[in-house]
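Notes follow the structure.
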Amino acid sequence: MIKFLKKYQAFIIGLIVIVPIFYLLDCFGVIILPEERTYEIVLYAIFWGVLIALPFHKFNYLKRKKSTVLKVLVLIGLFFIALAIDSFMKLPDNPITFILLMGFWFGVAYVLIPEFIKKYWKLITLIYVPLFLYFVYLRLFSGDLDAYLKIKEDFPFYLFFLPIPIFFLVWLFEQWKWIQNLKTEKTKTEISLLRSQINPHFFFNTLNNLYALTVKNSKQAPEVILKLSDMMRYTIYEGEKETVKILDEIEYLINYIELHKIRYKKSVDITFNYSNVDIDLKVAPLLYIILLENAFKHGVETLSENAFIHINLYNDADFIYFKIENNFDTKEIDKTNGIGLENLKRRLSLLYNQKHDLVIDEVDTVYKAILKISKHA
């Protein structure tokens with residue numbers, strides 16, 4: 001309770017202080033309190049008490065926002081000056097008051113949406129300066145006051161307010177565009193991060209095998225170096241592009257398979273049929289490698305013999321299909337979900353949204369995956 005009172009002491013003091021201030025102002029005739037409507041006095045007291053206490057309650061915040069607070073105080077001062085001049089001069093449609101009030105409202109808009117005002121100030125000026133000059137002309141140079149009041153009946157003063165809904169719609173469009181750009185940037189950042197998470201264990205294993213080959217002075221060492229450099233170049237440079245030719249993906253997968261064949265001493269049945277795919281089609285890079293990597297890691301590497309991987313890449317009028325199946329040892333298989341498939345699913349949802357389908361099936365000792373993506377995504 002004590003913590004609560006300390007936290008909101010400004011409001012408590014404000015509500016206590018405002019009551020005697022009200023009665024004091026009533027005594028001097030500055031305000032008139034309704035004697036028979038006590039609830040109105042209570043509501044007024046609560047409103048003004050909270051309003052007075054709010055700056056004290058948010059003092060530290062306002063201290064940090066000194067520039068904005070100063071602008072608001074200037075605008076409040078400008079508003080009361082306009083009211084004072086209008087009350088003192090008692091002149092219908094006083095041009096001075098009109099200028100001050102226009103400055104006040106433009107100032108309010110600038111405080112609330114400064115970037116919008118900075119961007120569209122030329123358009124705002126183009127619309128409102130002619131309207132203002134026309135008003136000044138009618139008010140000062142159209143004859144005496146009676147003549148002006150007669151013209152005013154025919155002059156649609158609501159013209160000053162017509163641009164406001166238009167500017168509001170433009171501002172809404174700017175906010176929508178900003179949100180869309182923010183989403184796009186967020187998506188690009190997430191995709192880039194997902195690409196960087198592609199499991200590097202294959203490269204480490206290949207480097208270890210390369211070391212063993214160089215120690216033995218194997219004739220395969222230059223071939224391994226060439227294929228590995230091609231793969232690393234593709235991963236680093238082509239992998240950053242939005243799309244690549246499917247032929248480039250095929251060559252990347254072939255290099256991956258060939259390097260694995262060099263690593264293994266055992267016989268592995270690997271087939272890759274891509275004769276029925278249009279090699280000029282484009283796809284997002286480094287999607288298929290995750291499924292192929294899983295086939296090696298959770299299939300071939302768990303078996304000592306009779307391991308196989310069968311891949312079929314083809315397309316029809318609307319979709320590109322990547323089918324892969326491999327066998328595995330049920331005793332050795334890791335049941336935990338690695339980041340690879342989750343990475344792939346997330347990238348597919350970001351890149352292809354509703355224009356893809358990934359079906360994974362496991363029957364006995366055979367693991368099958370079919371990835372279908374739209375040609376026109």
Side-chain angles (χ1 to χ4, degrees), residues 1-118 124 128 157-158 160-172 174-176 178-179:
M1 186 64 180
I2 295 174
K3 288 183 179 179
F4 176 83
L5 293 174
K6 284 184 178 180
K7 185 176 181 180
Y8 296 102
Q9 61 181 345
F11 293 105
I12 297 169
I13 295 170
L15 292 172
I16 294 172
V17 169
I18 197 65
V19 175
I21 291 176
F22 265 24
Y23 282 102
L24 189 64
L25 293 174
D26 182 57
C27 290
F28 286 97
V30 178
I31 62 173
I32 299 174
L33 296 176
E35 296 180 2
E36 297 179 357
R37 288 177 288 184
T38 309
Y39 68 93
E40 285 190 21
I41 300 175
V42 173
L43 290 176
Y44 290 144
I46 292 172
F47 173 78
W48 285 104
V50 170
L51 195 65
I52 292 170
L54 198 57
F56 295 98
H57 181 68
K58 293 290 185 179
F59 179 76
N60 290 330
Y61 173 80
L62 296 175
K63 192 176 179 181
R64 293 194 301 271
K65 302 287 184 179
K66 284 190 289 188
S67 176
T68 304
V69 172
L70 184 60
K71 291 174 185 175
V72 171
L73 291 175
V74 169
L75 289 174
I76 292 172
L78 186 64
F79 180 75
F80 280 106
I81 289 170
L83 291 182
I85 290 174
D86 194 60
S87 299
F88 177 75
M89 297 183 71
K90 292 184 173 58
L91 192 64
D93 293 342
N94 189 333
I96 299 175
T97 304
F98 194 82
I99 292 171
L100 292 176
L101 288 177
M102 281 190 69
F104 169 77
W105 287 115
F106 280 122
V108 169
Y110 183 79
V111 169
L112 295 175
I113 45 174
E115 296 302 322
F116 180 82
I117 299 297
K118 287 177 184 177
I124 295 169
Y128 275 101
F157 265 81
Y158 60 80
F160 283 95
F161 302 98
L162 280 181
I164 294 175
I166 298 171
F167 284 125
F168 180 70
L169 291 175
V170 173
W171 177 79
L172 285 179
E174 288 284 330
Q175 300 309 300
W176 175 84
W178 175 75
I179 291 171

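Quick caveat: nothing in here was measured; it's all calculated off a predicted structure.
- In this structure, Phe106 places its CZ atom where more than 12 heavy-atom neighbours from other residues, nucleotides or ligands lie under 6.0 Å away.
- In terms of heavy-atom proximity, Leu101 sits nearest to Ala82 at CD2-CB, 3.9 Å.
- Put simply, OH on Tyr110 and CD1 on Ile124 are 11.5 Å apart, with the number rounded to the nearest 0.5 Å.
- Closest approach of Val108 and Leu75 over heavy atoms only: N-CD1, 3.6 Å.
- Considering only heavy atoms from C-beta on, Leu172 stays 4.5 Å or farther from Trp176 through its side chain.
- How far CG of Leu78 is from CG of Leu83: 10.0 Å, rounded to the nearest 0.5 Å.
- Checked options Ile99, Asn94, Leu100; the residue passing with Thr97 is Asn94 (criterion: side chain to side chain contact (heavy atoms under 4.5 Å, CB included)).
- Interatomic distance, Gln175 CD to Trp171 CH2, rounded to the nearest 0.5 Å: 4.5 Å.
- Taking CD1 from Ile113 and CZ from Phe168, the interatomic distance works out to 9.5 Å, rounded to the nearest 0.5 Å.
- By the 30° and 60° cut-offs, the orientation of the rings of Tyr128 relative to Phe167 is parallel.
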